[in-house]
Amino acid sequence: MFKIVQAEWLAPKVRRLMVEAPRVARRHQPGHFVIVRVHEEGERIPLTIADSDAGHGTITLIVQVVGATTERLCGLEAGEGISNVAGPLGRPTDIEYVGHAVLVGGGVGTAVIYPQAAALREVGNRVTAVIGGRSREYVILEAELAQCCDDVFPCTDDGSYGYHGFVTGWLKDLIDDTGDVGLVLTAGPVPMMRAVAEVTRPHGIRTIASLNPIMVDGTGMCGGCRVTVDGQMKFACVDGPEFDAHTVDFAGLTDRLTTYRNQEQLAWNRLHETALGDHSRGAHCQMSGLEAAAPV
Amino acid sequence: MPALKPSERMKIPRQRMPEREADERRTAFIEVNRGYTSQAAVTESMRCLQCKDAKCIAGCPVGIDIPAFVDAIARDDLPAAADILFADNVLPGITGRVCPQETQCEEVCVRAKKGDPVGIGYLERYVADWAREHRRELFDPPPPSGRRVAIVGSGPGGLTCAGELSKRGHAVTVFEALHRPGGVLVYGIPEFRLPNAIVDAEVETLRRRGVEIVTDVIIGQTYTIRELMRTEGFDAVFIANGAGLPIFQGIPGENLKGVYSANEFLTRVNLMGAYRGEESDTPVLTSTRTVVCGGGNTAMDAVRTSRRLGADPATLVYRRSRREMPARAEEVKHAEEEGVVFEVLCNPVEILADENGWVRATRCIRMELGEPDASGRRRPVPIPGSEFDIPCQIFIQAIGTRANPLLTQTTPGLNTNKWGNIIVDENNMTSIPGVFAGGDIVRGGATVILAMGDGKRAAAAIDAYLRNGE
Ligand SMILES: Cc1cc2nc3c(=O)[nH]c(=O)nc-3n(C[C@H](O)[C@H](O)[C@H](O)COP(=O)(O)OP(=O)(O)OC[C@H]3O[C@@H](n4cnc5c(N)ncnc54)[C@H](O)[C@@H]3O)c2cc1C
Ligand SMILES: Cc1cc2nc3c(=O)[nH]c(=O)nc-3n(C[C@H](O)[C@H](O)[C@H](O)COP(=O)(O)OP(=O)(O)OC[C@H]3O[C@@H](n4cnc5c(N)ncnc54)[C@H](O)[C@@H]3O)c2cc1C
Ligand code: SF4
Ligand code: SF4
Ligand code: FES
């Protein structure tokens, strides 16, 4: 059992969990993820490590409710436990000096860029974060990012907070205005990452996307997480999950993510028949999954 | 009972393994083989000629004293049979079920020269099953050596090494990446061949002997090998992290929805319990028509599993002829009885999609056997213009695996060959002193018993290394 020491809602359907996992915490680097199994009959799902504290032996996960497993996980309170947490997995982010690094996060993708921001700043970069949400309440980690970025620009689809529009709109202007962007890192819904890649492509700015294909083991054994990058088959859990966004086949990734849509809907229905209680805080699941949760 | 004369022994026919009917098992995940009755076991054991120079022993990679344990069955002394078996094999309930006996112990049994060999595997299973039900081993723990050994991976190689080292008094910790110990035994080989409960029971026996098993730890990521030796206080390491990455053919359509590697398909079904349908949170696609590509045990398991999940037809496509199939003979026979369709001398060239990106058919080409290749088998060559389509909604690739790089790439100084497999000496020691390796990561995809043989040999070498600093 991996004990949850702290749990809070960051936004509707987005929960921050601090979990005791000392072995993972001591090795965590930005870009790493864990595979979590909530209960003994549960499925294995990948989640990014948003933060860690090696001294206290804890890691932080930021989880968005998109289906049965994430809903179960988000229903847990401090003091309760998670059956399995394995990691850290994946290759860490390449952290190097580029001058000006821009991080573009959408929805829970912001959890991926948060540790990257701190590490990029540490090696002397100017770091700008552009973070998006559907409306004000969906913009997460702004205060935390402000601690380790030179600038943080929130964007909302409905204009209820920050820039009125998609993160890509802001990014375009930022690139034109500053002219010194050396690297863009992006994490979030697939359509958003794809759009970010199209914004930076004409400028030739190195752009790295953190991909989120369906995973099972997370150790290279199953091949379920395969993605096409530069025409080659890659396993995201061992070769990634970060890849050059200009060479990723985003259409293929989007399509494969829909493989289990029917089964996921059934699992969701089953979970709700067997009444979970009020853990979801009345939050209503949308089966369109991550795409629906953040702006493009 | 008076001892039988050899001529009398020679007259006894090989006892058949009782099986569930093919009709019953086509949809069920219960074990196909039911195991010998005690009468059948005793009769079978009397077929053994108790050879002085028993060739069968050398045919067994862990060197079980086969005539001795078979004789104990004949005398109906099962405690003695179990003692003999466990002395050389810490996982007999597993090997008795999945060893390719026909190419190991039974191949060299003298009785195979004229007729059927002694049913060594079946007898081994019989004794192991008896021991599991009737015996709680009381261990006389050996005096602790004060030395600690880390084992990477809890497949048959790792578990065997752990068992052998604990017998010698060393403190053993097994690190396993997944949430459940057993390796391929639990995620790959299906319930109907090797129930996971049997693996759990054999793992439990090791735990009772003091072997510590820590799951959810990925060596190379959670700890490096160097850390295990330098800061975590281990005096030696045995690496048995298995084969790993599934190979795809590189044909068009392999990323379509409905294409699996056998590892993914079997892991979803076996390890994650998707065969239990709604009781499991992990989904798996099922279909009316499935094509599986390959001819080994993995392909056979995938196609028989598909069949049980409703595929009709479940078709196996293999590029050589039936004779060259590397799968155990029993699996091929069982697959056939269960109605699996065999398309041999045939190879997929493309997986075709419907308008929504789902698999709709496999395009294959007929093959013929040409000149022998490096493996000595005649090389299959495509027959131009012989393409044809097999309609299907699921395509499963089962053509093998390549070495998993997670551990090797974070272990400087660990020598690997051009395929990424770890290079070891005759004692299974790697290029790093005190670090040993065995099983599929050394051999490429091999067998349970060869991995166990490596585990056993490495345990002896680790013991010597720890005692003499060799
Ligand atoms: C490397 C990586 C890091 C991730 N980090 C985070 C994170 O920090 N926070 C977060 O909220 N989400 C993260 N995700 C996505 C998260 O894994 C999925 O949202 C989760 O698995 C959905 O499970 P579910 O049962 O709740 O939903 P389901 O109803 O099963 O599925 C909803 C959608 O989630 C995706 N999905 C389903 N199963 C998996 C799976 N086993 N692996 C990956 N995606 C799946 C599919 O697109 C699916 O349509 C990450 C994914 C990857 C690959
Ligand atoms: C479907 C299938 C059917 C088979 N059927 C048969 C059969 O009938 N008879 C037969 O003899 N052989 C069979 N085989 C082959 C046999 O299973 C393997 O040769 C054998 O399991 C190899 O044992 P191993 O100990 O080397 O590794 P594995 O059994 O592969 O175990 C390796 C373990 O290490 C873990 N691991 C991997 N990387 C790490 C890491 N970095 N840190 C920690 N842990 C790690 C893995 O999760 C796994 O649990 C079959 C194989 C498959 C896939
Ligand atoms: S372990 Fe395998 S090879 Fe050895 S005796 Fe048993 S069945 Fe034969
Ligand atoms: S070779 Fe065959 S007959 Fe001889 S001892 Fe071994 S099992 Fe018995
Ligand atoms: S998740 Fe299985 S290989 Fe990547």
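Just so we're on the same page: letters track the sequence lines, and every chain starts at 1. The structure presented is a predicted model; accordingly, all values stated were derived computationally and were not measured.
Side chain of A/Asp217 to main chain of A/Gly220: a donor-acceptor pair is present (N/O by atom type, distance under 3.5 Å, no hydrogens or angles). Proximity of a side-chain donor or acceptor of B/His179 to a complementary backbone N or O of B/Thr215 within less than 3.5 Å is not detected. No donor-acceptor pair under 3.5 Å is formed between the side chain of B/Asn356 and the backbone N or O of B/Trp358. At least one donor-acceptor pair under 3.5 Å links the side chain of B/Asp354 to the backbone N or O of B/Gly357.
Atom CG of B/Asn241 sits about 10.0 Å away from atom CD of B/Glu176, to the nearest 0.5 Å. A distance of 11.0 Å separates SG of A/Cys74 from CD1 of A/Ile62, quoted to the nearest 0.5 Å. In this structure, A/Gln116 CD and A/Ile208 CD1 are separated by 9.5 Å, a value rounded to the nearest 0.5 Å.
Interface residue B/Val259: backbone and side-chain heavy atoms are both found under 4.5 Å from chain A. Using a 4.5 Å cut-off between heavy atoms, B/Phe265 makes no contact with chain A at all. In this structure, chain B has a heavy atom under 4.5 Å from the side chain of A/Ile214, while its backbone stays farther away. Within the 4.5 angstrom heavy-atom criterion, atoms from both the backbone and the side chain of A/Leu89 approach chain B. Looking at B/Ile218, only its side chain comes within 4.5 Å of chain A, counting heavy atoms on both sides. Proximity to chain A (any heavy atom under 4.5 Å) is restricted, for B/Val214, to the side chain, taken from C-beta onward. Interface remark: B/Arg268 contributes side-chain atoms only to the contact with chain A (heavy atom separation under 4.5 Å).
Residues passing the ring pair (Phe, Tyr, Trp, His ring centres under 6.0 Å) test with B/Phe29 are B/Tyr275, sequence neighbours excluded.
Taking the six-membered ring where the residue is Trp, B/Phe234 and B/Phe175 present perpendicular rings, their angle passing 60° and hence far from 30°. Ring planes of B/Phe248 and A/Phe235: perpendicular class, angle over 60° (limits at 30 and 60°).
Within residues 33-50 of chain A, the residues that have a heavy atom under 4.5 Å from a heavy atom of chain B are A/Arg37, A/His39, A/Glu41, A/Gly42, A/Glu43, A/Arg44, listed by number. Residues of residues 237-245 of chain A lying under 4.5 angstrom from chain B, judged on non-hydrogen atoms, are A/Val238 by number. Contact residues of residues 395-408 of chain B toward chain A are B/Asn404, B/Leu406 (heavy-atom distance under 4.5 Å).
Ranked by heavy-atom pairs shorter than 4.5 Å toward chain A, the options B/Glu254, B/Glu227, B/Glu264 are led by B/Glu264. Between chain B and the residues A/Ala267, A/Ser83, A/Pro88, the largest count of heavy-atom pairs under 4.5 Å involves A/Pro88. Of the listed residues (A/Val227, A/Asn84, A/Thr69), the one with the most heavy-atom contacts under 4.5 Å to chain B is A/Asn84. When each of B/Gly244, B/Ala262, B/Gly250, B/Ala274 is scored by its heavy-atom pairs under 4.5 Å with chain A, the top score falls to B/Gly244. Heavy-atom pairs under 4.5 Å with chain A peak, among B/Val217, B/Leu256, B/Leu178, B/Thr267, at B/Leu178. Chain A forms the most heavy-atom pairs under 4.5 Å with one residue out of B/Pro246, B/Ser261, B/Ala177, and that residue is B/Pro246. Between chain B and the residues A/Gly223, A/Gly252, A/Cys222, the most heavy-atom pairs under 4.5 angstrom are made by A/Cys222. Residue with the most contacts toward chain A among B/Pro283, B/Gly220, B/Gly242: B/Pro283 (heavy-atom pairs, distance under 4.5 Å).
Contact check for B/Val152 versus B/Phe238: no side-chain heavy atoms found under the 4.5 Å cut-off. The closest side-chain heavy-atom distance from B/Val291 to B/Pro348 is not below 4.5 Å. Between A/Ile82 and A/Met1, the closest side-chain pair of non-hydrogen atoms is not below 4.5 Å. Using a 4.5 Å heavy-atom threshold, the side chains of A/Met221 and B/Tyr187 count as touching.
Checking A/Thr70 against A/Gln64 by side-chain atom types alone, no donor-acceptor pair falls below 3.5 Å. Residues B/Asn255 and A/Arg226 bring a donor and an acceptor atom of their side chains to less than 3.5 Å of each other. For the residue pair A/His272/A/Glu71, the side-chain donor-acceptor check at 3.5 Å is satisfied.
Contact check on A/Arg23 versus B/Asp216 returns no salt bridge, with no Lys/Arg side-chain nitrogen under 4.0 Å from an Asp/Glu carboxylate oxygen. Salt bridge status for B/Arg148 with B/Glu212: absent, with no side-chain N to carboxylate O gap under 4.0 Å.
Closest non-hydrogen pair, A/Val190 versus A/Phe250, comes out as CG1-CD2, 3.7 Å.
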